[in-house]
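Report on the following structure.
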Protein chains: 2
Amino acid sequence: MHTAEELSKVLKVLADPTRLTMLKQMQDGEQCACSFVDCFDISQPAISRHLKMMRQAGLLLERRDKQWIHYRLNEASPFYSIVVDLLGQVEMIDASCDCDAECAI
Amino acid sequence: MHTAEELSKVLKVLADPTRLTMLKQMQDGEQCACSFVDCFDISQPAISRHLKMMRQAGLLLERRDKQWIHYRLNEASPFYSIVVDLLGQVEMIDASCDCDAECAI
DNA sequence: AGGTTATATAACGGTTTTGTTATACACGGA
DNA sequence: TCCGTGTATAACAAAACCGTTATATAACCT
């Protein structure tokens, strides 16, 4: 149970097609930040800021491996079930564009 | 099932504490616009624009009765179940401030 | 018709969002 | 230590958001 203020803050984070798609991809497992840079037609700094916003909202966890940073959904977030429910309503367009095997932007 | 673009547009409409609270109140039944003006510490034009935004997103239906306009949730909206689910996560703060019996701003 | 009430629209301003480019930081390898 | 790769931050600009006040429109009532 959340206040309207709390929920609206999280919804603001979710209310972006790029971020929704990123989250959807993370449902398939951990994603390297560089894979997002590959996937979307926006700059690397833009991707970085989308990730930061979701991290600050408590929706993501990160794991550093050498120079790569891998992001995943934070299942302990109080909003995790809401995120999962919403992502269940999202259809994926371009299926896969991960570069996890060999990260090289 | 919706595209990320479609869903993000609706989430943008939902991502506001005033609008979330208005929607929550409409779950209790039709609400006269003037009751919202009573409830919130924002101007009447601001209320009017919030309502317009939700109407344009297909989330609301309106019914005119004399000079009063009553708004209610649009159960036929493709996003209705999402709205209901989200509202289920919202706790109401100030219980009731309706003026439906005698509308007089 | 004229006045009152309810709602909507117009015009404006401050803040937030979201992209960009340029630059800094972190890490690994020759 | 220097260079390349991956990621983050800074500074900026355009657009959207959300409030305000002023004004218009719609409906009711005498």
Side-chain angles (χ1 to χ4, degrees), chain A residues 4-5 8-23 26 30-57 59-72 97-105, chain B residues 4-5 8-23 26 30-57 59-72 97-105:
Chain A
E5 274 76 16
S8 68
K9 272 183 198 160
V10 173
L11 292 179
K12 214 160 281 178
V13 173
L14 297 174
D16 178 274
T18 300
R19 290 192 290 273
L20 277 181
T21 306
M22 294 168 91
L23 289 165
M26 283 183 266
E30 215 175 39
Q31 294 286 324
C32 177
C34 67
S35 80
F36 295 127
V37 176
D38 265 356
C39 272
F40 299 96
D41 276 344
I42 57 178
S43 64
Q44 175 269 323
I47 294 290
S48 184
R49 274 213 329 220
H50 281 304
L51 287 167
K52 180 180 187 178
M53 190 178 310
M54 292 189 281
R55 201 173 357 106
Q56 287 186 150
L59 302 180
L60 297 187
L61 296 176
E62 66 180 55
R63 177 181 65 84
R64 171 146 232 153
D65 175 27
K66 299 176 184 166
Q67 59 267 80
W68 298 284
I69 302 185
H70 299 263
Y71 288 91
R72 64 181 187 281
C97 47
D98 55 30
C99 62
D100 272 346
E102 201 61 51
C103 277
I105 288 182
Chain B
E5 274 74 17
S8 68
K9 272 183 200 160
V10 172
L11 292 179
K12 215 160 280 178
V13 173
L14 297 174
D16 178 274
T18 300
R19 289 192 292 271
L20 276 181
T21 307
M22 293 169 90
L23 289 165
M26 283 184 267
E30 213 176 41
Q31 294 285 325
C32 177
C34 67
S35 80
F36 294 127
V37 176
D38 266 356
C39 272
F40 299 95
D41 275 343
I42 57 177
S43 64
Q44 174 269 324
I47 294 289
S48 184
R49 275 210 330 212
H50 281 304
L51 287 166
K52 181 181 187 178
M53 189 178 311
M54 292 189 281
R55 202 174 354 107
Q56 287 187 149
L59 301 181
L60 298 187
L61 296 177
E62 66 181 56
R63 178 182 64 85
R64 172 145 231 154
D65 174 29
K66 298 175 186 168
Q67 60 264 81
W68 298 285
I69 301 185
H70 298 262
Y71 287 92
R72 65 182 187 281
C97 47
D98 54 31
C99 62
D100 272 347
E102 200 61 52
C103 278
I105 288 182

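Just so it is clear, the values below take in all heavy atoms, side chains as well, and ignore hydrogens, waters and symmetry mates. Letters A, B, ... are given to chains in the order of the sequence lines, protein chains preceding strands, and every chain is numbered from 1.
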dist Tyr71(A):OH -> Glu62(A):CD (nearest 0.5 Å) comes out at 4.5 Å

Phosphate contact (dT9(C) OP1 or OP2) by Lys52(B) side-chain N/O below 4.0 Å: yes

The residue, Lys12(B) or Arg49(A), whose nearest nucleotide of DNA chain D is more 5′ is Arg49(A)

Gln31(B) CD to dT7(C) P, in whole Å, measures 12 Å

Taking dA27(D), dC17(D), dT7(C) as options, the one with an atom nearest any side-chain atom of Trp68(B) is dT7(C)

Margin query: Under a 3.5 Å distance rule, please check whether Arg19(A) uses its side chain to pair with a backbone N or O of Thr21(A) as donor and acceptor.
Written below: no

Winner on side-chain proximity to Thr18(B), out of dT20(C), dG19(D), dT7(C), is dG19(D)

Rounded to the nearest 0.5 Å, the CE atom of Met26(B) sits from the CE atom of Met54(B) at a distance of 4.5 Å

When rounded to whole Å, the CG to P distance for the pair Leu51(A) and dT9(D) reads 11 Å

When rounded to whole Å, the CZ to C1' distance for the pair Phe36(A) and dG6(D) reads 14 Å

Regarding the side chain of Lys66(A), the nearest nucleotide among dC27(C), dG19(C), dT5(C) is dC27(C)

- Message: Looking at dA8(C), I'd like to know if its phosphate oxygens (OP1 or OP2) sit under 4.0 Å from a side-chain N or O belonging to Tyr71(B).
- Response: yes

Ile69(A) CD1 to dA26(C) P, in whole Å, measures 11 Å

His50(A) has its side chain closest, among dC18(D), dC28(D), dG19(C), to dG19(C)

- Query: Arg64(B) near the nucleic acid: base, sugar-phosphate alone, or nothing, with a heavy-atom cut-off under 4.0 Å?
  - Reply: sugar-phosphate

Pro45(B) has its side chain closest, among dA8(D), dT9(C), dT7(D), to dT9(C)

When rounded to whole Å, the CE to C1' distance for the pair Met54(A) and dT17(C) reads 15 Å

Met53(B) atom CE is separated from dA16(D) atom P, nearest whole Å, by 12 Å

To the nearest 0.5 Å, atom CD of Glu5(A) lies from atom CG of Leu20(B) at 9.0 Å

- prompt: Is the side chain of Arg64(B) donor-acceptor paired with the backbone N or O of Lys66(B) at a distance under 3.5 Å, no angle test?
  reply: yes

(message) Between Arg19(B) and dC18(D), is there a contact of a side-chain N or O with OP1 or OP2 at under 4.0 Å?
(response) yes

One should read off an interatomic distance between Arg63(B) CZ and Glu30(B) CD, to the nearest 0.5 angstrom, of 4.0 Å

note: Gln56(B), atom CD; dC17(D), atom C1'; distance rounded to Å ~ 14 Å

Side-chain atoms of Ala46(A) come closest, of dT20(D), dC27(C), dG19(C), to dG19(C)

Q) Quick one: is dT20(D) close enough that its OP1 or OP2 comes under 4.0 Å of any side-chain N or O from Ser43(B)? A) yes

Atom NZ of Lys9(A) and atom C1' of dT17(C) are separated, to the nearest Å, by 16 Å

- [ ] Would you state whether a donor and an acceptor, one from the side chain of Gln44(B) and one from the base of dA8(C), lie under 3.5 Å apart?
- [x] yes

